[in-house]
Amino acid sequence: MISTNILNLAPIIHLTEEQFYQLCMVDDLNLELTATGQLIILPGSGGESDRREANLNFKVGLWNHQTQLGIVFSSSTIFRLPNGAKLSPDVPWIKLEHWEALTEEEQEKFPPLTPDFIIRPVRKISLV
């Protein structure tokens with residue numbers, strides 16, 4: 001299992017929404033931010049876990065294609081949760097009406113909502 005590292009930035013700096021967005025855009029870093037300001041550095045995935053994720057995304061995507069009820073996203077999409085956390089579940093799905101209620105800018109950056117359905121594995125975390 002590949003471990004995840006956490007940097008506790010809260011005592012030193014508070015990243016604004018825009019600062020976190022810009023940090024994530026640097027070399028497409030895989031980052032998440034907890035509600036308490038801890039920066040989670042996600043490692044690249046291994047072949048087997050990536051294969052499982054792709055298979056799950058395909059199955060949810062196929063179901064969604066047949067039902068046309070919402071939108072399926074990849075694990076690269078970061079969502080702004082109500083508690084302030086910014087997380088990227090492996091297979092997020094959002095009801096179409098929730099997506100369409102967002103502004104164009106909200107859809108372009110980190111969507112400010114919690115997905116209606118997610119698949120997210122348990123990760124081993126190392127404190128740094």
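Within the model, atoms OG1 of T34 and CG of N8 stand 7.5 Å from one another, a figure rounded to the nearest 0.5 Å. How far CD of E97 is from CD of E100: 8.0 Å, rounded to the nearest 0.5 Å. With values rounded to the nearest 0.5 angstrom, L33 atom CG is found 9.5 Å from F110 atom CZ.
Residues L69 and L96 fail the side-chain proximity criterion, which asks for heavy atoms closer than 4.5 Å. Looking at I41 and L31, their side chains come closer than 4.5 Å, going by heavy atoms from C-beta outward. Taking the side chain as every heavy atom from C-beta outward, L23 and L39 approach each other to under 4.5 Å. Side-chain contact between P111 and F79: present, with at least one pair of heavy atoms (C-beta onward) separated by less than 4.5 Å.
Judged by distance alone, with hydrogens and angles left aside, the side-chain atoms of D116 form a donor-acceptor pair with the main-chain N or O of K95 at under 3.5 Å. A donor-acceptor pair under 3.5 Å is absent between the side-chain atoms of D90 and the main chain of I119, judged by distance alone.
Taking all atoms of both residues into account, the shortest heavy-atom contact from L113 to H98 is CD2-O, 3.8 Å. Between P82 and T114, the closest heavy-atom pair is CD-OG1, 3.0 Å. The two residues I78 and C24 come nearest to each other via the heavy atoms CD1-SG, 3.8 Å.
More than 12 heavy atoms of other residues, nucleotides or ligands lie within 6.0 Å of CD in E48, so this atom counts as buried by the packing criterion. Annotation: Q68, atom CD; neighbour count of heavy atoms from other residues, nucleotides and ligands within 6.0 Å is above 12. More than 12 heavy atoms of other residues, nucleotides or ligands shown are found within 6.0 angstrom of NZ on K109.
Cluster annotation: W93 is not connected to F58 through the hydrophobic network of ILVMFWY side chains, with a link wherever side-chain heavy atoms come within less than 4.5 Å. Cluster membership for L87 and I118, using ILVMFWY side-chain heavy atoms within less than 4.5 angstrom, is not shared. Criterion: ILVMFWY side-chain heavy atoms under 4.5 Å apart, direct or through other members. Under it, L81 and L102 are part of a common hydrophobic cluster. Under a hydrophobic-cluster definition in which Ile, Leu, Val, Met, Phe, Trp and Tyr are linked whenever side-chain heavy atoms come within less than 4.5 Å, directly or via other members, V72 and L62 are assigned to different clusters.
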Just do the ring-ring contact (aromatic ring centres under 6.0 Å, His included) check on F73 and W99 with the steps written out, would you? CA-CA 11 Å; F73 295 84; W99 180 251; 5.1 Å; yes
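Applying the side chain to side chain donor-acceptor pair (under 3.5 Å) test to every pair with at least one member in residues 70-87, sequence neighbours left out, gives these pairs: E17-R80, E53-S75.
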